Amino acid sequence: MGPNPALLVQHAGKPGGSLLYFYAILLGFSRLTPEEARFLDPGPLLLVFTAFNLTLFTFQSIAYTVQGEAQLGTLEHMALARGGLLRQLLLRALVQSLFGVLWSLLVLLPLALAFGVTLGPLARWPLGFLPLFLAALGFGLLMGATALYFKQVDEFFTIVQFLFLPYFFYLVRFEPWMAHLPFAPGAYLLRLAFTGEEVSPGLLLLALVQALLFLGAGLFAMAWVYAAVRRRGLLGRY
Amino acid sequence: MRLLVQNVHKRFGKLEALKGVSLELGAGEILGLLGPNGAGKTTLIKVVLGLLLPDAGEVVLEEGGARRRPQGHEFGVLLEGSRNLYVNLSLLVNALYFGGIRGLPPKEVRPRFEAWLERFGLKDRLHAPLASLSRGMQQKAALALALALKPRFLLLDEPTLGLDPVSRREFEGILLELKKEGWGILLTSHDLEVVERVSDRVAFLHRGEVRRQGPTRALLRDWAGEGYRVRLAEPKAEALLKALGPGWSAEGPEVLFFLGPWEALREVLGTLPVEVLEVSRGTPSLEALFLHLFGEARPSHSA
């Protein structure tokens with residue numbers, strides 16, 4: 001059986017759409033007056049966009065999986081998987097986040113070329129992903145727990161995603177106090193890893209602590225809600 | 001190896017869905033779980049699968065003297081009222097996906113799934129999306145997958161729903177084969193003829209309680225004793241019933257059941273205005289017992 005043309009268009013269309021979307025944003029910024037545009041250097045902007053994409057992919061992979069499977073009526077079958085529902089969600093998140101990294105790179109590289117951004121990644125750049133990925137995973141689990149309990153939360157998720165974009169753009173002009181904001185130290189680490197700047201141990205520690213807090217909260221919420229929906233008979237309902 | 005449900009209680013708010021249910025299912029055995037709508041059958045199945053947590057009681061897998069909580073992936077499942085497969089994916093992709101999440105490699109799942117599809121006459125639909133199949137075919141595909149996962153126990157909630165009479169017969173044969181191979185099968189169905197033919201034991205669940213359980217034949221014999229089944233050449237059983245005395249009941253348009261001595265039956269047989277094709281000894285049907293427990297009044301012949 002050949003590939004499904006509709007799926008091909010859908011998959012090719014996603015990065016293509018992102019590419020156009022961010023190209024339009026950057027083009028818009030480049031038309032601003034020079035004084036306003038000073039802090040809108042496309043380099044950091046592109047790298048924050050990569051952080052945004054990675055966070056979004058990880059969040060979507062868990063939260064939308066729960067919501068979508070509940071809607072399809074297959075969530076209970078997923079819960080019968082070896083290792084249970086949580087293991088399945090984490091595996092999916094891992095795979096989709098890796099896909100998200102590739103996708104982000106696919107969008108990042110042409111845009112970097114188009115705007116003359118030079119990337120100088122550190123040899124250990126994948127480590128720059130880790131805190132942000134773990135924090136996004138934790139956040140995804142928190143949202144997944146919300147979906148597991150309430151099920152019909154797609155509009156809420158749309159709002160969350162909509163808020164993510166300005167929030168991540170806000171982090172472009174990174175200042176030290178921002179290291180305490182959610183995802184900010186992880187996003188900044190990712191940026192440093194790609195620009196080749198040295199990472200301070202304090203920032204790394206802060207990013208890791210934040211990531212572990214997010215992850216711990218997400219795992220706890222998911223485990224608690226999973227038990228609650230099985231107690232109340234809500235697992236398979238939509 | 002035995003699956004034990006021990007004193008399981010489950011409450012949803014004010015509704016006590018299960019009130020101390022205890023059941024047992026062994027390998028190579030088919031247990032029919034019967035009851036009217038809302039009796040708690042699906043709730044019980046979900047408790048067994050771990051999709052619902054009981055308020056009290058436990059589900060235990062006993063194997064070689066060791067006891068443990070069974071895991072969900074150890075069961076083959078056909079859930080009623082729930083989509084068992086992804087409608088937009090092909091049958092094969094569904095099988096490989098569900099096999100994969102249960103830890104089964106494609107090389108194990110695919111041949112087994114294809115073999116079952118062949119049994120159900122769906123082999124040529126292997127690459128077709130589930131959505132392109134009729135409801136009955138979808139049910140067969142879901143069954144084929146449940147069987148291809150080769151679980152320790154099979155929990156089937158209304159498996160004959162949407163199956164045509166030929167497929168239903170075929171399904172009965174498959175259940176009996178699986179039993180011989182040592183599978184333990186829990187079957188809930190409102191298709192009482194099928195349950196009666198294949199089940200070793202039945203349990204009647206009503207308002208969350210097991211009202212009766214035991215070996216199917218013994219249960220029927222204990223309830224009403226043995227009698228005679230009279231097969232007619234024309235579908236006039238209901239009409240004749242009005243004229244016949246106590247001890248008679250209808251088991252279908254062409255079948256009457258008589259509980260009483262042979263001499264009394266012989267007298268009546270000669271007077272029937274319809275040709276009698278066959279008379280055989282037997283117990284009343286499961287449907288009669290079901291109606292007695294949950295519906296119509298107890299048949300007049302019953303002890």
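In the text below, chain A, chain B and the rest are named by the order of the sequence lines, each starting its count at 1. As the structure is a prediction and not an experimental result, all values here were calculated from the model.
Around atom NZ of B:K19, more than 12 heavy atoms belonging to other residues, nucleotides or ligands sit under 6.0 Å away. Around atom CZ of B:R135, no more than 12 heavy atoms belonging to other residues, nucleotides or ligands sit under 6.0 Å away. Around atom CZ of B:R207, no more than 12 heavy atoms belonging to other residues, nucleotides or ligands sit under 6.0 Å away. Crowding of B:E181 atom CD: a count of heavy atoms from other residues, nucleotides or ligands under 6.0 Å exceeding 12. A:F220 CZ: 12 or fewer foreign heavy atoms inside a 6.0 Å radius.
Taking all atoms of both residues into account, the shortest heavy-atom contact from B:Y86 to A:E69 is OH-OE1, 2.6 Å. Counting all heavy atoms, side chain and backbone alike, A:E76 lies closest to B:L51 at O-CD2, 3.6 Å.
Put simply, the side chain of B:K10 never gets that close to the backbone of A:G233: no donor and acceptor are under 3.5 Å apart. In terms of modelled atom types and a separation under 3.5 Å, the side chain of A:R231 and the main chain of B:L52 share no donor-acceptor contact.
Residue B:N88 holds its CG atom at 7.5 Å from CG of A:L72, rounded to the nearest 0.5 Å. Rounded to the nearest 0.5 Å, atoms CG (B:L53) and CZ (A:R230) are 4.5 Å apart.
For the pair A:H77/B:F98, a side-chain contact is recorded, criterion being any heavy-atom separation below 4.5 Å from C-beta on. Taking the side chain as every heavy atom from C-beta outward, A:L80 and B:R102 approach each other to under 4.5 Å.
Neither the backbone nor the side chain of B:F75 comes within less than 4.5 Å of any heavy atom of chain A. For a residue to count as touching a neighbouring chain, one of its non-hydrogen atoms must lie under 4.5 Å from one of that chain's; by this rule A:R92 touches chain B with the side chain only.
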